[in-house]
J.: 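Shown below is the structure under consideration.
Position 1 is the first residue of the sequence, and the numbers go up from there.
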Amino acid sequence: MKLSLCTISFRHELVSFDELMRLAQTSGFSGIELWSVHAASLSRRLPFGGAGIAGDMRSRGLELPMISGYVKLLGDSDQFAATEREWEEMIARARLFGTDKLRIFAGDIASASAGEREWATVTRRLRQLAEAASRQGVRTVVETHPGSLADCTASTLRVLEETEHPWLGINLDFLHLWEAGDRPKEAYEALKPWTVHYHCKNIGDRRFLNVFEPGNVYAPGGSREGMVPLAEGAVDYAEIIRMLAEEQKEAAVSLEWFGADPVGYLSAEKDWIDSVLRSTSAGRADF
């Protein structure tokens, strides 16, 4: 398993990218998933932009598996023209930082609320973006996320079918599909042929799920009630980690944490995941 930390976990922390590389290296992470806001800032401020960071990461044995960003897919033709310009900049940053994956959302409307026109617009424009990125060797990755057309397993499969582009992949967020009422293992099996990355986070109880709404998550003073370590939440992540370890030795997984003390949390989570992986290996050996 290739486990990465996410720079978005440090959106309200005053830390340098060099500090994040040291944390990833000393804690045993394989890489760092870069938030697009941070990617844009780094490429503006640092000498040689992302090219220097890519070299630093390689020298430390770290990967940059994905840049996670946002683009507007609904709206009139002028708005989408602006999206296409922004997308070209994101593709250029992906190449600069040495990653071949750009994560976005499948629009900003829930699948159950979308009409046929919205479905047709989002999937057509997703196809256009995927085609543009593919010409530069970059894969477009749609995250399973509430408030988008990929908010449950069935709707995500529909996005894939109607977009129909070989360079479109899925970032499977287990919590969000569980939030939609899907069983994580069944969602995993259904989406496995298209899934190129996984996000892991947990919640203490379903009634706290609103803490992950964007308006709350990005607010410095937002509520963090209910955010808990993977081992303590409503979703059984021990089972998920074991499943990934048994089926995909090279599964690309990122830990998302939006609560306090990201350094302490990520270090502890890495230790817990390692313990689950050791017990899984021991169980196979005993068998």
J.: For S41 and R45, does a side-chain donor sit closer than 3.5 Å to a side-chain acceptor?
T.: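 R45 and S41 do have a side-chain donor-acceptor pair below 3.5 Å.
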J.: Taking ILVMFWY side chains as joined if any heavy atoms are under 4.5 angstrom apart, and letting links pass through other members, which residues group with L14?
T.: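 Members besides L14: none; it forms no cluster.
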J.: How long is the gap from CE on M90 to CZ on R93, to the nearest 0.5 Å?
T.: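 So the gap between those two atoms works out to 7.5 Å.
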J.: Between I8 and V217, is there a side-chain heavy-atom distance shorter than 4.5 Å?
T.: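 Of all side-chain heavy-atom pairs linking I8 with V217, none is under 4.5 Å.
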J.: Determine yes or no for a side-chain-to-main-chain donor-acceptor pair under 3.5 angstrom, with E118 supplying the side chain and G115 the backbone.
T.: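 Here the side-chain-to-backbone pair exists.
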J.: Looking only at non-hydrogen atoms, find the nearest pair between L244 and M1 and report the distance.
T.: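 So the minimum-distance heavy-atom pair works out to CB-CE, 3.8 Å.
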J.: Donor-acceptor check, side chain of D151 to backbone of S111, threshold 3.5 angstrom: yes or no?
T.: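 Looks like yes, one N/O pair under 3.5 Å.
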J.: When you measure from the side chain of R183 to the backbone of W178, do you find a donor-acceptor pair of N or O atoms at a distance under 3.5 Å?
T.: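 Checking the backbone N and O of W178 against the side chain of R183, no donor-acceptor pair under 3.5 Å is found.
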J.: Count the heavy atoms of every other residue, nucleotide or ligand shown that sit under 6.0 Å from NZ of K192, and state whether that count exceeds 12.
T.: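 Yes.
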J.: Side-chain contact test, heavy atoms from C-beta onward, threshold under 4.5 Å: evaluate it for V71 versus F105 and give yes or no.
T.: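 V71 does not reach F105 side chain to side chain.
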J.: Would you call E63 and R58 a salt bridge, taking side-chain N to carboxylate O under 4.0 Å as the test?
T.: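 No, E63 and R58 are not salt-bridged.
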J.: How long is the gap from SG on C200 to CG on L3, to the nearest 0.5 Å?
T.: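 If we round to the nearest 0.5 Å, C200:SG and L3:CG are 8.0 Å apart.
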J.: Picking from E86, R125, Q79, what satisfies side chain to side chain contact (heavy atoms under 4.5 Å, CB included) with K72?
T.: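 Of the listed options, the one satisfying the test is Q79.
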J.: Salt-bridge test for R60 and D18: reply yes if a basic N is under 4.0 Å from a carboxylate O, no otherwise.
T.: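 A salt bridge is present here (some side-chain N lies under 4.0 Å from a carboxylate O).
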J.: Between the main-chain N or O of D236 and the side-chain N or O of E239, is there a donor-acceptor pair closer than 3.5 Å?
T.: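 It does not hold such a pair.
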J.: Below 4.5 Å, heavy atoms only, C-beta onward: do V15 and L20 meet side chain to side chain?
T.: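 With C-beta onward as the side chain, the pair touches.
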J.: Taking atom CZ of R206 as the centre, does the number of heavy atoms from other residues, nucleotides or ligands within less than 6.0 Å exceed 12?
T.: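 Yes, enclosed.
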J.: Kindly say whether S68 contributes a backbone atom to a donor-acceptor pair with the side chain of S36 at under 3.5 angstrom?
T.: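 Checking the backbone N and O of S68 against the side chain of S36, a donor-acceptor pair under 3.5 Å is found.
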J.: Which distance, rounded to the nearest 0.5 Å, do you find between the CD1 of I91 and the CD of E84?
T.: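 Rounded to the nearest 0.5 Å, the CD1-CD separation comes to 10.0 Å.
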J.: In Å and rounded to the nearest 0.5 Å, what is the CG to CD distance from L96 to E89?
T.: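 Here the interatomic distance stands at 12.5 Å.
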J.: Show the nearest heavy-atom pair for residues T140 and A133, with the distance to one decimal.
T.: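 So the minimum-distance heavy-atom pair works out to OG1-CB, 3.7 Å.
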J.: Tell me every residue that passes side-chain hydrogen bond (donor to acceptor under 3.5 Å, both in side chains) with T153, counting only those two or more places apart in sequence or in another chain.
T.: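 Checked T153 against side-chain hydrogen bond (donor to acceptor under 3.5 Å, both in side chains); matches are D182.
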J.: Just by distance, do the side chain of S254 and the backbone of E33 share a donor-acceptor pair under 3.5 Å?
T.: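 Judged by distance alone, no pair lies under 3.5 Å.
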J.: Spell out, yes or no, whether W87 and M66 are grouped together once hydrophobic residues are joined by side-chain heavy atoms under 4.5 Å, including indirect joins.
T.: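 No, separate clusters.
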J.: Indicate yes or no for a side-chain donor-acceptor contact from S9 to the backbone of W257 under 3.5 Å, with no hydrogens or angles considered.
T.: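 Here the side-chain-to-backbone pair exists.
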J.: Begin with the C-alpha distance, continue with both residues' side-chain angles, and end with the deciding distance and a verdict on side-chain contact (heavy atoms from CB on, under 4.5 Å) for V138 and R95.
T.: CA-CA 8 Å; V138 175; R95 290 179 57 81; 4.3 Å; yes
J.: Only one of V276, L175, I273 clears side chain to side chain contact (heavy atoms under 4.5 Å, CB included) with Y237; which?
T.: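 So, applying the side chain to side chain contact (heavy atoms under 4.5 Å, CB included) to Y237 and each of V276, L175, I273, only L175 qualifies.
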J.: Take the angle between the ring planes of Y198 and F174 and call it parallel below 30°, perpendicular above 60°, tilted in between.
T.: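 Taking F174 first and then Y198, their aromatic rings lie parallel (interplane angle under 30°).
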J.: Show me the pairs that pass side chain to side chain donor-acceptor pair (under 3.5 Å) and involve residues 162-176, at least two apart or across chains.
T.: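 The answer is E131-H165, E143-N171, R158-E162, N171-H199, D173-K201, H176-E179, H176-K201.
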J.: Hey, quick one: are I32 and V141 part of the same hydrophobic cluster, counting side-chain heavy atoms closer than 4.5 Å, chains of contacts allowed?
T.: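 As far as the 4.5 Å side-chain criterion goes, V141 and I32 are not connected within one cluster.
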J.: Determine the minimum heavy-atom distance between N202 and P229, stating which atoms define it.
T.: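 That closest heavy-atom pairing would be CB-O, 3.9 Å.
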J.: Is there a donor-acceptor contact under 3.5 Å from the side chain of Q136 to the main chain of A92?
T.: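 Checking the backbone N and O of A92 against the side chain of Q136, no donor-acceptor pair under 3.5 Å is found.
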J.: Shared ILVMFWY cluster between I240 and V228, side chains joined below 4.5 angstrom?
T.: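 Not linked; separate clusters.
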J.: Taking side-chain hydrogen bond (donor to acceptor under 3.5 Å, both in side chains) as the definition, give me every residue that meets it alongside D56, ordered by chain and number, with sequence neighbours left out.
T.: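 Expected list: none.
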J.: Which pairs pass salt bridge (charged side-chain N to carboxylate O under 4.0 Å, His left out) with one or both residues in residues 208-226, sequence neighbours excluded?
T.: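 Checked against salt bridge (charged side-chain N to carboxylate O under 4.0 Å, His left out) - neighbours excluded - no pair reaches residues 208-226.
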J.: Find out whether N210 and N216 are in side-chain contact, i.e. whether some heavy atom of one side chain is under 4.5 Å from a heavy atom of the other.
T.: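 Of all side-chain heavy-atom pairs linking N216 with N210, none is under 4.5 Å.
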J.: Can you tell if the side chain of F97 reaches within under 4.5 Å of the side chain of M57, non-hydrogen atoms only?
T.: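 Sidechains of M57 and F97: no contact.
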J.: Of all residues at least two apart in sequence or in a different chain, which pass the side chain to side chain contact (heavy atoms under 4.5 Å, CB included) check with S27?
T.: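 For S27, the residues satisfying side chain to side chain contact (heavy atoms under 4.5 Å, CB included) (neighbours in sequence not counted) are L23, F29, S267.
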J.: If you compare all heavy atoms of L149 against all heavy atoms of S155, which two are closest, and at what distance to 0.1 Å?
T.: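 Looking at all heavy atoms of both residues, the closest pair is O-OG, 2.7 Å.
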J.: Heavy-atom distance under 4.5 Å between the side chains of L160 and L191, does that happen here?
T.: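 The answer is yes; the side chains approach within 4.5 Å.
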J.: Dump the intermediate steps for side-chain contact (heavy atoms from CB on, under 4.5 Å) on L5 and L255, then the final yes or no.
T.: CA-CA 5 Å; L5 59 84; L255 299 184; 5.8 Å; no
J.: Is it possible for you to check whether R103 lies under 6.0 Å from the centre of the six-membered ring of Y70, through NZ or CZ, and within 45° of that ring's axis?
T.: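 Yes, R103 and Y70 form such a contact.
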J.: Rounded to the nearest 0.5 Å, what's the gap from OG1 on T144 to CG on L172? Could you check?
T.: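 Answer for the OG1-CG pair, T144 versus L172, is 4.5 Å.
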J.: Any non-hydrogen side-chain atom of T280 less than 4.5 Å from a side-chain atom of R242?
T.: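 The answer is yes, as the side chains (C-beta and beyond) meet within the 4.5 Å cut-off.
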J.: So which atom in P184 and which in V235 form the shortest heavy-atom distance, rounded to 0.1 Å?
T.: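 Taking every non-hydrogen atom into account, CG-CG1, 4.3 Å.
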J.: Using a 3.5 Å distance criterion without hydrogens, assess whether the side chain of S113 forms a donor-acceptor pair with backbone atoms of I109.
T.: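 It does not hold such a pair.
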J.: For Y218, is the NZ or CZ atom of R11 found under 6.0 angstrom from the centre of its six-membered ring and inside 45 degrees of the ring axis?
T.: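 The answer is no; the distance or angle limit is not met.
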J.: Tell me the closest heavy-atom pair linking G259 and M227, and the distance in Å.
T.: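 In terms of heavy atoms, the two residues are closest at N-SD, 3.7 Å.
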J.: Just wondering, more than 12 heavy atoms not from R127 lying within 6.0 Å of its CZ?
T.: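 Counting neighbours around CZ of R127, more than 12 heavy atoms of other residues, nucleotides or ligands fall under 6.0 Å, so yes.
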J.: In Å, rounded to the nearest 0.5 Å, how long is the span from CD1 of I203 to CD of E232?
T.: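 Nearest 0.5 Å value for the CD1-CD distance: 12.0 Å.
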J.: I'd like to know if the side chain of T7 reaches the main chain of W35, judged simply by a donor and an acceptor atom lying under 3.5 Å from each other, with no hydrogens or angles considered.
T.: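 Yes: the side chain of T7 pairs with the backbone of W35.
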J.: Any side-chain heavy atom of V196 within less than 4.5 Å of one from I170?
T.: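 They are not in contact (no side-chain heavy atoms under 4.5 Å apart), so the answer is no.
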